[in-house]
**Q** 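Take a look at this one; I'll ask things after.
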There are 2 protein chains.
Amino acid sequence: MNIGNASDKSGLPAKTIRYYEDIGLLKPDRADNGYRDYSMSDVHKLRFLQRSRGLGFSVEECRQLLALYGDKSRASADVKSIAQSKLQEIERKIIELRELQLTLKHLVTHCHGDQRPDCPILESISGTAGSS
Amino acid sequence: MNIGNASDKSGLPAKTIRYYEDIGLLKPDRADNGYRDYSMSDVHKLRFLQRSRGLGFSVEECRQLLALYGDKSRASADVKSIAQSKLQEIERKIIELRELQLTLKHLVTHCHGDQRPDCPILESISGTAGSS
DNA sequence: GGTAGTCTTTCCAGTAACTGGAAGGTCAAG
DNA sequence: CTTGACCTTCCAGTTACTGGAAAGACTACC
């Protein structure tokens with residue numbers, strides 16, 4: 001499959017996919033005509049990258065996660081410790097998203113959508129949901 | 001409160017805080033000595049920025065969210081529509097994080113942490129949890 | 001009052017992660 | 001055999017920081 005197709009399936013722009021190859025995240029085959037040729041496995045990796053980048057993980061973190069994902073020869077203890085530290089981060093991100101969600105939901109349900117610009121929640125956002 | 005303190009409380013580096021001021025996200029007072037002087041409200045905004053950036057929202061999106069957060073004179077209908085579209089995005093992000101979480105949890109529970117480098121999950125990651 | 005150490009300021013340069021555009025080769029349809 | 005959509009590389013620009021220099025300000029101790 002060539003890059004446009006892989007782009008559609010992964011949700012990443014072709015530019016970005018080539019960039020990821022440049023920095024060594026991915027090495028697709030090449031067809032005889034010089035076109036990149038993506039396998040389903042490549043596409044899964046790309047989709048994985050698309051998601052984790054969108055969730056605020058850095059490219060380097062993604063590289064680690066991708067290593068878990070693809071490198072079966074790696075020692076399991078190693079895999080396990082990386083995965084566990086990322087799990088904590090994910091847990092935290094979920095909590096933060098829930099807090100943000102709560103805030104915005106209040107906003108949507110308590111504000112009227114009419115001409116009344118008085119949203120009582122806006123003043124209280126700051127103090128609530130203090131964690132970390 | 002000056003910038004080091006605001007940095008500690010928000011979790012953002014001082015450099016980043018100054019940068020956010022440069023691009024107009026924040027306008028702290030200035031003390032007589034020229035030092036920036038942050039109010040609690042400023043700190044809440046910074047903390048808010050720290051979180052939403054970490055969750056994969058762009059600075060421009062954060063600017064919008066910050067506008068909801070701070071601009072009480074805005075028409076409620078406007079606030080509501082922005083908040084609602086962001087809510088959908090948050091919902092999606094939570095789902096994606098849960099999927100990632102599931103994958104990594106499988107990894108942690110099924111891999112042994114010993115010398116056995118055979119993680120059966122790694123092969124099946126790709127196919128599962130297809131959404132969007 | 002001096003001075004060491006830790007702030008803070010601005011400015012300018014560098015990095016990370018893309019993103020756009022030019023110049024040109026490839027391919028499938030008509 | 002040309003037209004249009006795709007692909008290639010390369011190079012420049014953008015976004016969102018990040019590091020470091022040079023200089024002013026504050027705290028504390030002698």
Side-chain angles (χ1 to χ4, degrees), chain A residues 1-39 42-43 45-67 69 86 89 93 96 100, chain B residues 1-39 42-43 45-67 69 86 89 93 96 100:
Chain A
M1 155 190 350
N2 45 19
I3 201 168
N5 208 332
S7 168
D8 290 346
K9 289 196 171 140
S10 66
L12 286 170
K15 280 272 178 186
T16 304
I17 296 176
R18 289 194 200 96
Y19 171 71
Y20 286 164
E21 185 178 347
D22 277 0
I23 62 171
L25 287 180
L26 208 66
K27 259 186 218 329
D29 287 349
R30 292 285 177 145
D32 292 345
N33 56 14
Y35 285 19
R36 289 169 180 83
D37 184 24
Y38 294 89
S39 66
D42 289 329
V43 171
K45 284 182 187 176
L46 289 171
R47 177 133 194 75
F48 177 82
L49 285 166
Q50 191 270 326
R51 287 189 167 188
S52 7
R53 290 289 298 124
L55 296 168
F57 290 98
S58 75
V59 165
E60 282 319 300
E61 289 174 313
C62 289
R63 195 190 297 275
Q64 287 191 338
L65 290 167
L66 212 52
Y69 187 103
K86 290 299 164 207
E89 214 171 320
K93 278 174 193 283
E96 290 182 357
L100 193 50
Chain B
M1 158 191 345
N2 46 19
I3 202 167
N5 207 332
S7 167
D8 290 345
K9 289 197 171 140
S10 66
L12 286 170
K15 280 272 180 189
T16 303
I17 296 177
R18 288 193 200 97
Y19 171 71
Y20 286 164
E21 185 178 348
D22 276 0
I23 62 171
L25 287 180
L26 208 66
K27 260 187 217 329
D29 287 349
R30 292 284 176 145
D32 291 345
N33 56 13
Y35 285 18
R36 290 168 180 84
D37 183 24
Y38 294 89
S39 66
D42 289 330
V43 171
K45 284 181 187 176
L46 289 171
R47 178 133 194 77
F48 177 82
L49 284 166
Q50 191 270 328
R51 287 189 167 189
S52 8
R53 289 289 299 124
L55 296 167
F57 290 98
S58 74
V59 166
E60 281 319 300
E61 289 175 314
C62 290
R63 195 190 295 276
Q64 287 192 338
L65 290 168
L66 212 53
Y69 187 103
K86 290 300 164 207
E89 215 171 320
K93 278 174 192 284
E96 289 182 358
L100 193 50

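Chain naming here is simple, since letters A, B, ... match the order of the sequence lines and numbering starts at 1 in each.
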**Q** Looking at A/Arg18, I'd like to know whether one of its side-chain N or O atoms comes within less than 4.0 Å of OP1 or OP2 on C/dT19.
**A** no
**Q** Closer to the 5' end of DNA chain C via nearest nucleotide, is it A/Asn33 or A/Ser58?
**A** A/Ser58
**Q** If we ignore hydrogens and angles and just use 3.5 Å, is the side chain of B/Asp42 paired with the main-chain N or O of B/Ser39 as donor and acceptor?
**A** yes
**Q** Between B/Lys93 and A/Gly54, what is the shortest heavy-atom contact and its length?
**A** NZ-O, 2.7 Å
**Q** Quickly work out the B/Tyr38 OH to C/dT8 C1' distance and round it to whole Å.
**A** 11 Å
**Q** What do the steps show when you test B/Val43 against B/Met1 for side-chain contact (heavy atoms from CB on, under 4.5 Å), and what is the final call?
**A** CA-CA 9 Å; B/Val43 171; B/Met1 158 191 345; 3.6 Å; yes
**Q** Starting at atom CZ of B/Arg36, determine the distance to atom C1' of C/dT10, rounded to an integer number of angstrom.
**A** 9 Å
**Q** What nucleotide, of C/dT9, D/dC10, D/dT18, holds the atom closest to the side chain of A/Lys15?
**A** D/dC10
**Q** Do B/Tyr35 side-chain and C/dC7 base share a donor-acceptor contact under 3.5 Å?
**A** yes
**Q** What's the CD1-P distance between A/Ile23 and C/dA17, to the nearest Å?
**A** 7 Å
**Q** Whole angstrom is fine here: how far is it from CD in A/Glu21 over to P in D/dC10?
**A** 12 Å
**Q** Taking atom C1' of D/dT15 as reference, at what distance in whole Å does atom CG of B/Asp22 sit?
**A** 14 Å
